[in-house]
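Okay, structure first, notes after.
Heavy atoms only: backbone and side chains are in, while hydrogens, waters and symmetry mates are out.
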Amino acid sequence: MLICIDSCVFIRGLKEPLSDANRLLNLLSPALPTVIPRLVAIEVTHNLQSAIDQARFYRLFFERPFAMIIDEDLPNDLLTLYIAKGLRAKGDAYIGAFAEWMAVDYLISDNRHFLRELHTDAYQLMSPGDLLNFLSGNEPS
């Protein structure tokens with residue numbers, strides 16, 4: 001299983017230690033490989049005010065081959081497809097297209113608009129809580 005995590009989940013997970021987002025971040029391991037685009041890393045560090053929180057974010061990826069920040073450019077035709085679905089070019093369309101390009105199984109996001117608006121067969125969208133339920137053998141809500 002390969003997942004991609006949206007910036008809002010990282011931000012909430014690092015700021016709210018008792019959240020489902022934090023529990024998900026603590027599960028990152030070879031059993032739960034993760035890829036994110038550089039755009040997500042930039043957005044997360046921009047929104048985390050303290051150097052300590054920024055360092056905690058990058059430690060999630062440091063020397064962990066199962067958690068990667070991908071710097072490669074997305075194929076333009078795939079990005080155009082997601083923009084045509086009505087998603088914002090510099091945000092939701094980019095991460096949606098990235099998730100398909102990387103062939104992830106699940107895109108994890110707290111963005112309700114994103115979760116409600118995006119319809120794709122390329123992967124499943126889940127909230128952190130839904131993924132945690134799925135991993136524990138329960139049905140997502």
Under 3.5 Å, side-chain donor or acceptor atoms of residues 40-53 against the rest of the protein: list the pairs with distances, not counting sequence neighbours.
| from | atom 1 | to | atom 2 | distance (Å) |
| --- | --- | --- | --- | --- |
| Glu43 | OE2 | Ser7 | OG | 2.9 |
| Thr45 | OG1 | Ala41 | O | 3.0 |
| Thr45 | OG1 | Ile42 | O | 3.1 |
| Asn47 | ND2 | Glu43 | O | 2.8 |
| Ser50 | OG | Asp53 | N | 3.0 |
| Ser50 | OG | Asp53 | OD2 | 3.4 |
| Asp53 | OD1 | Arg56 | NH1 | 2.9 |

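Between the side chains of Asn111 and Asp6, no donor N or O sits under 3.5 Å from an acceptor N or O.
Counting only heavy atoms from C-beta outward, the side chains of Asp105 and Gln124 never approach each other to under 4.5 Å. Annotation: side chain of Pro30 is not in contact with side chain of Pro65 (no heavy-atom distance under 4.5 Å). Contact check for Thr34 versus Ile108: no side-chain heavy atoms found under the 4.5 Å cut-off. The closest side-chain heavy-atom distance from Ile36 to Ile69 is below 4.5 Å. The shortest distance between side-chain heavy atoms of Leu27 and Leu132 falls below 4.5 Å. You'll find the side chain of Leu87 stays beyond 4.5 Å of the side chain of Ile95, heavy atoms only. Taking the side chain as every heavy atom from C-beta outward, Glu100 and Leu107 never approach each other to under 4.5 Å.
Between Tyr94 and Glu72, the closest heavy-atom pair is OH-O, 4.2 Å. The two residues Phe134 and Met1 have their closest heavy-atom pair at CE2-CE, 3.6 Å. Closest non-hydrogen pair, Val9 versus Ala21, comes out as O-CB, 3.5 Å. Of all heavy-atom pairs between Tyr123 and Gly96, the closest is OH-O, 2.9 Å.
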Before you tell me yes or no, could you show the steps for Arg12 and Asp20 under side chain to side chain contact (heavy atoms under 4.5 Å, CB included), namely the whole-Å CA-CA distance, both residues' side-chain angles and the distance that decides it to 0.1 Å? CA-CA 9 Å; Arg12 190 166 63 87; Asp20 56 359; 2.5 Å; yes
Side chain to side chain contact (heavy atoms under 4.5 Å, CB included) between Ile11 and Asp110, intermediate numbers included: CA-CA 10 Å; Ile11 294 164; Asp110 277 331; over 6 Å; no
Go through it in stages, so that I can follow the logic: the residues are Ile3 and Val104, the test is side chain to side chain contact (heavy atoms under 4.5 Å, CB included), and I'd like the CA-CA distance, side-chain angles, deciding distance and then a yes or no. CA-CA 5 Å; Ile3 67 170; Val104 304; 5.8 Å; no
Please assess Tyr82 against Thr120 for the test side chain to side chain contact (heavy atoms under 4.5 Å, CB included), listing each intermediate value before the final yes or no. CA-CA 10 Å; Tyr82 277 80; Thr120 181; 3.4 Å; yes
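The number of heavy atoms from other shown groups lying within 6.0 Å of CG (Asp71) is above 12.
Ring orientation note: the planes of Phe57 and Phe10 are nearly perpendicular, at an angle over 60° on the 30°/60° scale.
Distance check: Asn76 CG to Leu81 CG gives 12.5 Å after rounding to the nearest 0.5 Å. Going from atom CD1 of Ile70 over to atom SG of Cys4 covers 9.5 Å, rounded to the nearest 0.5 Å. Atom CG of Leu74 sits about 8.0 Å away from atom CE of Met102, to the nearest 0.5 Å. Distance check: Met126 CE to Leu135 CG gives 8.0 Å after rounding to the nearest 0.5 Å.
A donor-acceptor pair is defined here as one N or O able to donate and one able to accept, closer than 3.5 Å; no such pair exists between the side chain of Asn22 and the backbone of Leu18.
Remark: of the listed residues Val35, Leu78, Leu39, Leu79, Val35 is the sole one forming a side-chain contact (heavy atoms from CB on, under 4.5 Å) with Phe98.
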